[in-house]
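Report on one structure; see the data block that follows.
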There are 2 protein chains.
Amino acid sequence: MYVTIIDIAKALGLSKSTVSRALSGEKGNVSPETARLVIETAERMGYKRNELAVHLRKRKTMTIGILVPELVTSFYSTFIAHAQQILRPKGYRTIVALSNEDIFWEKSNFDLLSDSRVDGILISTCNDKANVEQYSAFIQRNIPLVFFDRTIKGLDCSSVRSNDYKAAFFLMEHLIYKGRKRIAHLAGPDHIRNSADRFQAYIDTLSKHGIAYDPSLVLKEGTDRAGGATEVTFLLEHGIPFDAVFCFNEMQAIGAEEVLLRKGFRIPEDIAVASMYGTEVSTLVHPAVTSVEKPVARMAEEAVRLILRQIDAPLSPAEEVIIPSEMVIRESS
Amino acid sequence: MYVTIIDIAKALGLSKSTVSRALSGEKGNVSPETARLVIETAERMGYKRNELAVHLRKRKTMTIGILVPELVTSFYSTFIAHAQQILRPKGYRTIVALSNEDIFWEKSNFDLLSDSRVDGILISTCNDKANVEQYSAFIQRNIPLVFFDRTIKGLDCSSVRSNDYKAAFFLMEHLIYKGRKRIAHLAGPDHIRNSADRFQAYIDTLSKHGIAYDPSLVLKEGTDRAGGATEVTFLLEHGIPFDAVFCFNEMQAIGAEEVLLRKGFRIPEDIAVASMYGTEVSTLVHPAVTSVEKPVARMAEEAVRLILRQIDAPLSPAEEVIIPSEMVIRESS
DNA sequence: AACGATTGCGGGAACGGTTGCGGAAATAAA
DNA sequence: TTTATTTCCGCAACCGTTCCCGCAATCGTT
């Protein structure tokens, strides 16, 4: 099925060493004519180098694993596209695995990546408490690992993320400056660090501006479109007054907007809406959602830089990169 | 950095054959006690099997390559998620590569997959004329290849796609039954077969219903949101009358809707909008876009079935699977 | 002409597993 | 006890490369 260097060697009456050298473009140990001849016959015979054998021999796979919670949000797919764009010219390929927001899938797919002996792993975790020992063990064995976006506290490992606390703070202040006093928070799950950071920012902004914290304004029913809808419906049906909604992500915000509009509220006049984690989708709906956009390109750049550094210099110290994200004010606030 | 079976063998005073057999769970050739002992020490020493070596020896990588044009559209990411869900339990991993809608990237990434000796490739091509000899050669060498969604005519190779012609036909008839006579067609690029099929359906439906074909109603300015916007703007500015828009994909439809609403048209009263290739995004905008939704789950199932069959029985004849897609009528028509 | 340096190539041991074969020990059958 | 059959394990080849080492032929130098 496949031609090997031995086939070429036999065809030319050479040794496989020479063929290998000619094919890998090594200078000095093989005469130019022989090299040319070998390369030509290889081409003619349809030779394809068996990367498996090369990797086994060189003990390096030139592969980076990327483990993400999902691909539906364009954040991750864009991240992957950017990372590939940078890695490919450097000779690295990537292999993508999904955790589907499930810690068991995450573990299993992490194993899969590690089993295939990738040179490094870029991971965005689905739970900042789970699988921690596994990651420590990995780091201890000195295999390059870099967390991005959803990181884990306390690991001796490089990471890159945006400053969710600060961004949430600014987003909250934006709402407050618009005169909002009863801001509902559609929160994210507790097991994601970003979510906790945002909630903390929510609390802190309120207290900084002398607004009392009302727990009944904080809801955790789900981070998707349906979740946002249910949460707002809950507030309305229980007569809990609010004049703004601060969402964990944009799909929540969209769900919230839909319910509000259907019930006859005006956005942003009656109720303002703002969200973290915005992408182009935020601009599709009406009114377009004010959101904080994650600097996905820069995050990919940094993550790739960190993983490559760890590969080239395995003992370099961990680095924690924080990239500011940008607030885009749109019609909804 | 990594523990090998030889390390385990040395530690236990056994041969690597025995260790290998114990670890691979082979019955009968190794005593239960030895097996248990080996497995325990492997665990203790943190042994991870080197898949590379296994694959090299077994001449099989248990890996399926998936090559898609992009990941931004949720169609492809959903397809991948589904395919992985099915393949994983069967022991197959997947590696995802992007062509970025570019034939050179496609070629290069196809090579990459083939170089890494994947057991089969699932591909959605970005151009139905390009790289054809390469694919033929691949098929001739009897390496499993399955096209999905965007297929190429005339290759002796299994494929799965939805019936774009029929779906476009129904979508057009739907518009016609709604009394539309001047239907603009925001077409896709010529080099994608699906696009040609849809255009043909456009022509045929018109002729079936005795409506004259007007070339000035067919535009090809781009398949994204901006493209849709430009195209509709063009029609309006040149005073070309139309009462419906039939789009190649949903982002185009969204761009078109935005322009129409901004100019004061009512949808669907003044102008109806319908699109192929719809996803959840079609339901986010107002008015929600009537669209044909591709049966992504079924397509993934079939594609996986076909590639596995080709792997298990390399000589089985090519099969062309066509899965009907569903039209969802929404507010825009 | 004699001698070291360079060039071009082949031999063979890795890389980390799997697997067919053969043999010793243990067990079963005669 | 002898013979036949299992059971369990080791030996060594193999997958397709790379790369170190050694050797012969050619080259340049005095």
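All heavy atoms count here, side chains included; hydrogens, waters and symmetry mates do not. Naming convention: chains lettered A, B, ... in sequence-line order (proteins, then strands); numbering from 1 in each chain. None of the values given here were measured: they were computed from a predicted structure.
Nucleic acid contact class of B/Lys16 (heavy atoms, under 4.0 Å, all strands): base. Contact annotation for B/Leu14: backbone-only contact, meaning every heavy-atom pair under 4.0 Å involves sugar-phosphate atoms and none involves a base. Note on A/Lys60: nothing from the nucleic acid sits closer than 4.0 angstrom, heavy atoms only.
Using the six-membered ring where Trp is involved, B/Tyr135 and B/Phe147 have ring planes that are perpendicular, over 60° apart on the 30 and 60° scheme. Between B/Phe110 and B/Phe138, the ring planes lie perpendicular to each other; the angle is over 60°, past the 30° to 60° tilted range.
Contact check, A/Ser17 against C/dG11: no side-chain N or O comes under 4.0 Å of OP1 or OP2. A sub-4.0 Å separation between OP1 or OP2 of C/dT18 and a side-chain N or O of B/Ser20 is present. Distances shown here put a side-chain N or O of B/Ser15 below 4.0 Å from the OP1 or OP2 atom of D/dG10. Residue B/Thr34 has a polar side-chain atom (N or O) positioned under 4.0 Å from OP1 or OP2 of D/dC9. Phosphate contact (OP1/OP2 of C/dG17, side-chain N/O of B/Tyr47, threshold under 4.0 Å): present. Residue A/Arg59 places at least one side-chain N or O under 4.0 Å from the OP1 or OP2 atom of C/dG16. Proximity of A/Arg49 to the phosphate of D/dT18: a side-chain N or O atom is located under 4.0 Å from OP1 or OP2.
A donor-acceptor contact under 3.5 Å links the side chain of B/Arg57 to the base of D/dC14. The base of C/dT18 is not paired with the side chain of B/Ser24 by any donor and acceptor separated by under 3.5 Å. Side-chain to base pairing of A/Ser31 with C/dG8: no donor and acceptor N or O lie closer than 3.5 Å to each other.
The CD atom of B/Glu51 sits 15 Å away from the C1' atom of D/dC15 (whole-angstrom rounding). What separates CG of A/Leu23 from P of D/dC19 is a distance of 13 Å, to the nearest Å. Rounding to whole angstrom units, CD1 of residue A/Ile5 and P of D/dC15 are separated by 12 Å. Between A/Leu12 atom CG and C/dG10 atom P the separation is 10 Å, expressed in whole Å. Between the CG atom of A/Leu56 and the C1' atom of D/dC19 there is a distance of 14 Å, given to the nearest Å.
Residue B/Arg21 is the one, among B/Arg21 and B/Ala53, whose nearest nucleotide of DNA chain D lies closer to the 5' end (criterion: closest heavy atom).
Comment: B/Asp115 engages A/Lys48 in a salt bridge, judged by a side-chain N to carboxylate O separation of less than 4.0 angstrom. With respect to A/Glu40 and A/Arg36, a salt bridge is recorded, a charged nitrogen being found less than 4.0 Å from a carboxylate O. Taking the charged nitrogens against the carboxylate oxygens, B/Arg298 and B/Glu302 do have a contact shorter than 4.0 Å, which makes a salt bridge.
The side chain of B/Thr18 has D/dG10 as its nearest neighbour among D/dC15, C/dG17, D/dG10. Taking every side-chain heavy atom of A/Asn50 into account, D/dT17 is the closest of C/dG16, D/dC9, D/dT17. Closest to the A/Asn29 side chain, of the nucleotides C/dG8, D/dT18, C/dG17, is C/dG8.
Counting heavy-atom neighbours within 6.0 Å of A/Asp312 CG, excluding the residue itself, gives a total above 12.
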